[in-house]
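Numbered from 1 within each chain, the chains take letters A, B, ... in sequence-line order. Values below: all heavy atoms of this structure, side chains included; hydrogens, waters and symmetry mates excluded.
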Amino acid sequence: MKSLFALVDCNNFYASCERLFRPDLEKKPIVVLSNNDGCVIARSDEAKALGIKMGAPMFLVEDLLKKEGVHIFSSNYELYGDLSFRVTETLRQFTPRVEVYSIDESFLDLSSFFFLNLKVYGQQIKNTVMQNIGLPVSVGISHTKTLAKLANRLSKKSEKAGGVLVLTEERHIDAALKITAVEDVWGVGRQYAKFFQAAGIYTAYDLKQAKDAWILKHGTVVMLRTVHELRGISCLDLELLPPDKKGICTSRSFGKPVTTLDALQEATANYAARCAKKLRKQKSCAKVLRVFVTTNKHADTLQYANSKEIVLPTASNSSLELIKYATKALNEIYKEGYLYKKSGVIATEIVPEKNIQFNLLDTTDHFKHHNLMEAIDEITQKLGKDAVKIARQGTNGKKDWHLRKAYQSPCYTTRLDQILTINI
DNA sequence: TCTGGGGTCCTAGGACCC
DNA sequence: TCTGGGGTCCTAGGACCC
């Protein structure tokens with residue numbers, strides 16, 4: 001039986017999420033900015049039509065945005081994460097085999113659905129998500145993930161497809177490959193695209209024709225898989241359960257340059273607490289922490305970047321422990337006299353919570369920590385993530401290191417006060 | 001004179017993704 | 001003034017071992 005995948009992708013996801021609660025912005029240009037309002041990371045169709053590029057730095061396009069009356073939003077991941085979850089739950093009605101690939105994309109395994117009219121099924125998926133959640137999606141269906149991606153991309157471009165494209169027949173697949181530039185193939189990035197073009201490979205169809213030995217000579221097994229997938233040979237299976245992360249990183253650029261150790265400590269403590277929370281979520285602990293700081297590479301100021309790794313006596317996911325060791329590491333690399341732009345905490349050597357090797361010389365009461373963290377997680381789950389904090393994380397007052405979010409929308413779906421506001 | 005041929009582990013760096 | 005933040009996997013090269 002030939003494999004069959006659907007890729008369901010939310011159109012202009014972040015922009016669509018913002019528009020969902022602002023019906024007055026229908027047909028209006030919208031952009032969503034990255035953390036710190038640094039650059040554009042999502043655009044509505046109308047904003048794309050104005051020539052605003054993905055990743056454009058805000059300071060370069062701000063004038064254009066204002067002149068054109070574009071509606072600007074700082075990113076609101078709490079809102080997007082919640083809507084993403086709702087979309088995924090809706091998709092599970094169509095098959096139990098769903099891989100949540102990213103915040104706005106899911107792969108569905110339709111291998112046992114070959115008897116269905118796939119075009120109709122795809123349209124049902126699209127219509128149901130619109131009806132239940134109010135977000136527009138596109139659906140691409142084909143024999144491999146790479147081809148489903150390609151079908152999805154073309155479904156948005158073709159009037160006739162109307163957001164649903166099925167590529168199961170060889171001649172349709174080849175026609176699609178011929179109108180897809182090689183750099184638009186999933187798995188072909190900038191470097192490979194440049195190399196392929198120099199070798200006379202311009203389209204996905206050209207890449208499909210390349211010889212295996214040639215691909216291996218100039219690329220890796222990863223690229224060979226991509227080429228096989230273009231030929232309809234499925235090499236990438238569905239991942240139903242996300243594998244536990246091997247490294248967990250929390251880092252941010254600061255809203256304003258930070259100079260004092262105190263402010264850096266507060267920021268770093270928050271990132272360490274975030275890492276601890278992510279670890280607890282996947283029921284694992286980290287043995288090693290790395291803390292890094294850096295000044296602003298783009299600024300014409302004195303530069304400094306450094307990092308320090310600390311091995312914990314016992315692998316941990318306690319916010320208290322991670323904050324303690326992160327602070328220790330930070331103190332060792334902090335130097336006075338610099339304008340710091342960013343810091344971060346990376347947790348590695350991650351092991352399941354269940355099989356921690358206890359260290360006889362370690363006097364920390366891990367059982368107590370575990371219970372405390374459970375209590376904190378329960379409270380923050382109910383009352384919001386700022387309801388309880390470790391003292392080192394600081395209070396909620398405006399701090400230099402806090403992200404800049406000049407255009408933030410409310411957390412419409414996850415904050416009690418917001419939900420009440422809507423109902424009144 | 002001649003300087004093997006497997007392994008493993010680790011790290012840095014590069015490629016890709018959203 | 002001002003350019004995001006999180007990941008994954010693979011490869012090459014060095015150290016070390018027998």
>> Contact list please: residues 79-107 of chain A against DNA chain B, heavy atoms, distance less than 4.0 Å, in numerical order.
In response: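 Listed by number, they are Tyr101(A), Ser102(A), Asp104(A), Glu105(A).
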>> Can you tell me which residue among Lys324(A), His369(A), Arg280(A) is in a side-chain hydrogen bond (donor to acceptor under 3.5 Å, both in side chains) with Ser318(A)?
In response: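 For Ser318(A), the side-chain hydrogen bond (donor to acceptor under 3.5 Å, both in side chains) check succeeds only for His369(A).
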Less than 4.0 angstrom from a charged side-chain N to a carboxylate O is my criterion; do [X] and [Y] meet it?
X         : Y         : answer
Arg92(A)  : Glu89(A)  : yes
Asp174(A) : Lys208(A) : yes
Glu353(A) : Lys283(A) : no
Glu183(A) : Lys194(A) : no

Within this structure, what is the [atom1]-to-[atom2] distance between [X] and [N], rounded to whole angstrom?
X         : N       : atom1 : atom2 : value
Asp9(A)   : dC18(B) : CG    : C1'   : 10 Å
Leu236(A) : dC17(B) : CG    : C1'   : 12 Å
Arg190(A) : dC16(B) : CZ    : C1'   : 12 Å
Arg274(A) : dG6(C)  : CZ    : P     : 8 Å
Asp300(A) : dT3(C)  : CG    : P     : 14 Å
Asp37(A)  : dG5(C)  : CG    : C1'   : 14 Å
Tyr407(A) : dC2(C)  : OH    : C1'   : 12 Å
Lys297(A) : dT3(C)  : NZ    : P     : 11 Å

Counting only side-chain nitrogens and oxygens, does [X] get under 4.0 Å of the OP1 or OP2 atom of [N]?
X         : N       : result
Lys342(A) : dG4(C)  : no
Ser251(A) : dG6(C)  : yes
Arg252(A) : dG6(C)  : yes
Lys149(A) : dC17(B) : no

I want to verify a distance call: between [options], whose nearest atom is closest to the [X] side chain?
X         : options                 : result
Asn296(A) : dG4(C), dC16(B), dC2(C) : dC2(C)
Trp186(A) : dG7(C), dC18(B), dG4(C) : dC18(B)
Cys249(A) : dC17(B), dG6(C), dG4(C) : dG6(C)
Lys246(A) : dA15(B), dG6(C), dC9(C) : dC9(C)

Can you give each donor-acceptor pair under 3.5 Å made by side-chain atoms of residues 233-244 of chain A, sequence neighbours left out, with the distance rounded to 0.1 Å?
none

>> Run the side-chain hydrogen bond (donor to acceptor under 3.5 Å, both in side chains) test on Asn76(A) and Lys405(A) for me, step by step, so that the C-alpha distance in whole Å, both residues' side-chain angles and the decisive distance to 0.1 Å come before the verdict.
In response: CA-CA 9 Å; Asn76(A) 183 345; Lys405(A) 288 187 179 190; over 6 Å; no
> What integer number of Å spans the C1' atoms of dC17(B) and dG4(C)?
Replying inline: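 The answer is 15 Å between these two C1' atoms.
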> Do Tyr14(A) and Tyr77(A) have ring centroids that are under 6.0 Å from one another?
Replying inline: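 For Tyr77(A) and Tyr14(A), the ring centres are under 6.0 Å apart.
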Would you mind classifying the nucleic acid contact of [X] as base, sugar-phosphate or nothing, using non-hydrogen atoms under 4.0 angstrom?
X         : value
Lys245(A) : sugar-phosphate
Lys256(A) : nothing
Gly55(A)  : nothing
Ser75(A)  : nothing

> Taking C-beta and beyond as the side chain, do Leu339(A) and Asn296(A) meet within less than 4.5 Å on heavy atoms?
Replying inline: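 Answer no - side chains too far apart.
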>> On a heavy-atom basis, which atom in Cys39(A) and which in Pro57(A) lie closest, and how many Å separate them?
In response: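 It is CB-CA, 3.8 Å.
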> Which residues, if any, of residues 202-213 of chain A bring a heavy atom under 4.0 Å of DNA chain C?
Replying inline: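 Contacting residues: none.
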> Do any of residues 58-68 of chain A sit with a heavy atom less than 4.0 Å from DNA chain C, and if so which?
Replying inline: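 Those residues are Phe59(A).
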> Between Ile248(A) and Ile346(A), is a side chain to side chain contact (heavy atoms under 4.5 Å, CB included) present by the stated rule, with each step listed?
Replying inline: CA-CA 6 Å; Ile248(A) 286 180; Ile346(A) 305 166; over 6 Å; no
> How does DNA chain C look in dot-bracket form if you count Watson-Crick and G-U pairs under 3.5 Å, write [ ] for pairs that cross, and put | where a base pairs with another strand?
Replying inline: ....||||||||||||||
>> If the test is ring-ring contact (aromatic ring centres under 6.0 Å, His included), which one of Phe292(A), Tyr334(A), Phe254(A) qualifies with Tyr340(A)?
In response: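 Only one option passes, and that is Tyr334(A).
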Might you confirm whether atom [atom1] of [X] has over 12 heavy atoms from other residues, nucleotides or ligands at distances under 6.0 Å?
X         : atom1 : value
Gln197(A) : CD    : yes
Lys156(A) : NZ    : yes
Arg274(A) : CZ    : no

Enumerate all atom pairs, one protein N or O and one N or O from nucleotides 10-12 of chain C, separated by less than 3.5 Å.
none

> Trp214(A) vs Phe195(A) aromatic rings, parallel, tilted or perpendicular, using cut-offs 30° and 60°?
Replying inline: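 Ring orientation of Trp214(A) relative to Phe195(A): parallel.
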> Step by step, would you call Glu229(A) with Arg225(A) a salt bridge (charged side-chain N to carboxylate O under 4.0 Å, His left out)?
Replying inline: CA-CA 6 Å; Glu229(A) 286 240 324; Arg225(A) 273 204 289 268; over 6 Å; no
>> One pair to check against side chain to side chain contact (heavy atoms under 4.5 Å, CB included): Val40(A) and Met54(A). What are the steps and the verdict?
In response: CA-CA 6 Å; Val40(A) 173; Met54(A) 180 72 174; 5.7 Å; no
